[in-house]
Number of protein chains: 2
Amino acid sequence: MKKITSQQQRVLDCIQIYINKTGFPPTRANICKELGFKSPNSAETHLRALEKKGFISIESGASRGISILDNQEYPVNDYEYPVIGLVAAGSPTLAEENIERTINCPKSFFNSNFDYFLKVKGLSMKNAGIMEDDLIAVKKTTDVKNGDIVIARIDDEVTVKFFRRKSPKIIELEPANDDFTNIIVNLETDELHIEGKSVGLLRKN
Amino acid sequence: MKKITSQQQRVLDCIQIYINKTGFPPTRANICKELGFKSPNSAETHLRALEKKGFISIESGASRGISILDNQEYPVNDYEYPVIGLVAAGSPTLAEENIERTINCPKSFFNSNFDYFLKVKGLSMKNAGIMEDDLIAVKKTTDVKNGDIVIARIDDEVTVKFFRRKSPKIIELEPANDDFTNIIVNLETDELHIEGKSVGLLRKN
DNA sequence: TATTATACTGTACATACATTCAGTATTTTT
DNA sequence: AAAAATACTGAATGTATGTACAGTATAATA
């Protein structure tokens, strides 16, 4: 997939919005009106560029014969993601007994793939905007950087905290709430498991 | 919704299949070819019957201007929701120039239906876990209760705040951040527009 | 029994629309 | 520095398409 220009993105968005609104694709004239072009050929050339780059297909001769192609960057395949309650003790396993329910969600919903939703208990990450009962989209990985919000387990205790590596052997798990204190982990004496990191958040009012 | 005849059902199915296959609705001639009719008027009369019964809408004069209306038979699970930037001034309209992009999301993703995502600017609702650049799922409604997180507009200023009715004529818009003060609105002197309320939140790390 | 809805064929026509050609100008890539 | 891509205006044209009109026939409804 070649890169799209900002004007081409506008045209692509315009097509999608038009389809959402009306149920069928726009004509060249419709696009011109929406985007302020004065010649139908302005739309035409953009459409041909989008076609050449693989974003749309155009059926020759057909009125409104535009269809937006599902491209690899933005697959909209849905998937049932499990929601796991953050229990005070124990690893947040995907074992059936820990799954409260599932949520249907496009696979590429967040910027990164993820594996499950974790239901937050407590307010230790309040200042990072993570509230009780929020659902954190967790990607299972141990590849975490300083500042990442990680799901960490020490012994059997699972918490959500900021990750800070202070030295090769010292990790600090930092809450986002003044009522809580940093957890300092010495990797030589304590066992730290990084279950994954947060790639997004979902809240239902 | 009146009852559909078997032939009308065939035509309706044909339209849906055609859209699934091509991305845009069929012409009268397309329908005839698919179903073996020999006159475009066969399709035309069926379309008019389907329109009269509320199964489809037809845009007059537009090629392929058929759209299947939402009904029990054809639930659409996913939908492209627009993301609107919260601009300091002006109503968060769904006008094209305000739509930053769209997000594909199941219609029943939050507990209530919603209309668009609003991208949050500022930290006035920080203590409610709403951070800069979070996406609030907004349901367009004026039916709001005390304690609801509302999208309110005073003159041209749009804000997200808690809604509190202090008296029949006095509304307080309460931030969730000590650095901000309550906005007191006297409905007799000030104009307050409730654009909608928050029914959920989405954050991408 | 009269009327309306359904279910077609067939012809005709105005126009909605895709598409090409001719230009101009700016930016990006080679 | 040349070539290609981008980003438009403007005019022209053939045809794709909606839609009206004229029929025929059967089933459903009032």
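Residue numbering restarts at 1 for every chain, and letters A, B, ... go by the order of the sequence lines.
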Check: Leu173(A) main-chain N/O paired with Asn182(A) side-chain donor or acceptor under 3.5 Å:
no

Gln7(A), nearest nucleotide to its side chain (from dC17(C), dA5(D), dA7(D))
dA7(D)

Glu44(B) CD - dC21(D) P separation (whole Å)
12 Å

From CZ of Phe37(B) over to P of dT24(D), roughly how many Å is that when rounded to an integer?
21 Å

How many whole angstroms separate atom CZ of Arg48(B) from atom C1' of dC8(C)?
17 Å

If you assign Ser42(A) and Ala49(A) each to the DNA chain D nucleotide with the nearest heavy atom, which residue ends up on the more 5' nucleotide?
Ala49(A)

Counting heavy atoms from C-beta on, name the nucleotide in dT9(D), dT19(C), dA20(D) closest to the side chain of Asn41(B).
dA20(D)

Name the closest nucleotide to the Ser39(A) side chain, picking from dT19(C), dG18(D), dG10(D).
dG10(D)

From dA7(C), dT9(D), dT6(D), pick the nucleotide closest to the side chain of Gln8(B)?
dA7(C)

Rounded distance (Å) that lies between atom P of dT6(C) and atom CZ of Phe55(B):
11 Å

Over 60° means perpendicular and under 30° means parallel, so tell me whether Tyr81(B) and Phe114(B) are parallel, tilted or perpendicular.
parallel

Which nucleotide in the list dC8(D), dA5(C), dC8(C) gets nearest to the side chain of His46(B)?
dC8(C)

Short question: side chain of Arg64(B), backbone of Pro26(B) - any donor-acceptor pair under 3.5 Å?
no

What is the minimum heavy-atom distance between Phe162(A) and Ala128(A), and which atoms define it?
CZ-CB, 3.8 Å

So, does Asn177(B) use its side chain to make a donor-acceptor pair with the main chain of Asp179(B) at under 3.5 Å?
yes

Just to verify, which of Arg203(A), Lys121(A), Lys204(A) counts as forming a side chain to side chain donor-acceptor pair (under 3.5 Å) with Asp133(A)?
Lys121(A)

Can Ile170(B) and Val185(B) be said to form a side-chain contact (heavy atoms from CB on, under 4.5 Å), step by step?
CA-CA 6 Å; Ile170(B) 305 291; Val185(B) 183; over 6 Å; no

What nucleic acid atoms does Arg10(B) come within less than 4.0 Å of, heavy atoms only: base, sugar-phosphate, or nothing?
nothing

Hey, does the side chain of Thr45(A) come within less than 4.0 Å of dC8(D)'s phosphate (OP1/OP2), counting only N and O?
no

Phosphate contact (dT6(D) OP1 or OP2) by Lys53(A) side-chain N/O below 4.0 Å
yes

d(Glu174(A) CD, Thr181(A) OG1) to nearest 0.5 Å is 11.0 Å

Let's see if you get this right: which residues in residues 59-66 of chain A place a heavy atom under 4.0 Å from DNA chain C?
Ser60(A), Gly61(A), Ala62(A), Ser63(A), Arg64(A)

Establish, with yes or no, whether the OP1 or OP2 oxygen of dA7(C) is under 4.0 angstrom from a side-chain nitrogen or oxygen of Thr5(B).
yes

Does a side-chain N or O of Arg28(A) approach OP1 or OP2 of dA18(C) to a distance below 4.0 Å, or not?
yes

Would you kindly give the NZ-to-C1' distance between Lys33(B) and dT9(C), to the nearest whole Å?
19 Å

Could you check how far NZ of Lys38(B) sits from P of dA7(C), rounded to whole Å?
18 Å

Can you measure Phe24(B) atom CZ to dA16(C) atom P for me and round it to whole angstrom units?
20 Å

d(CG, Leu47(A); C1', dA7(D)) in whole Å
14 Å

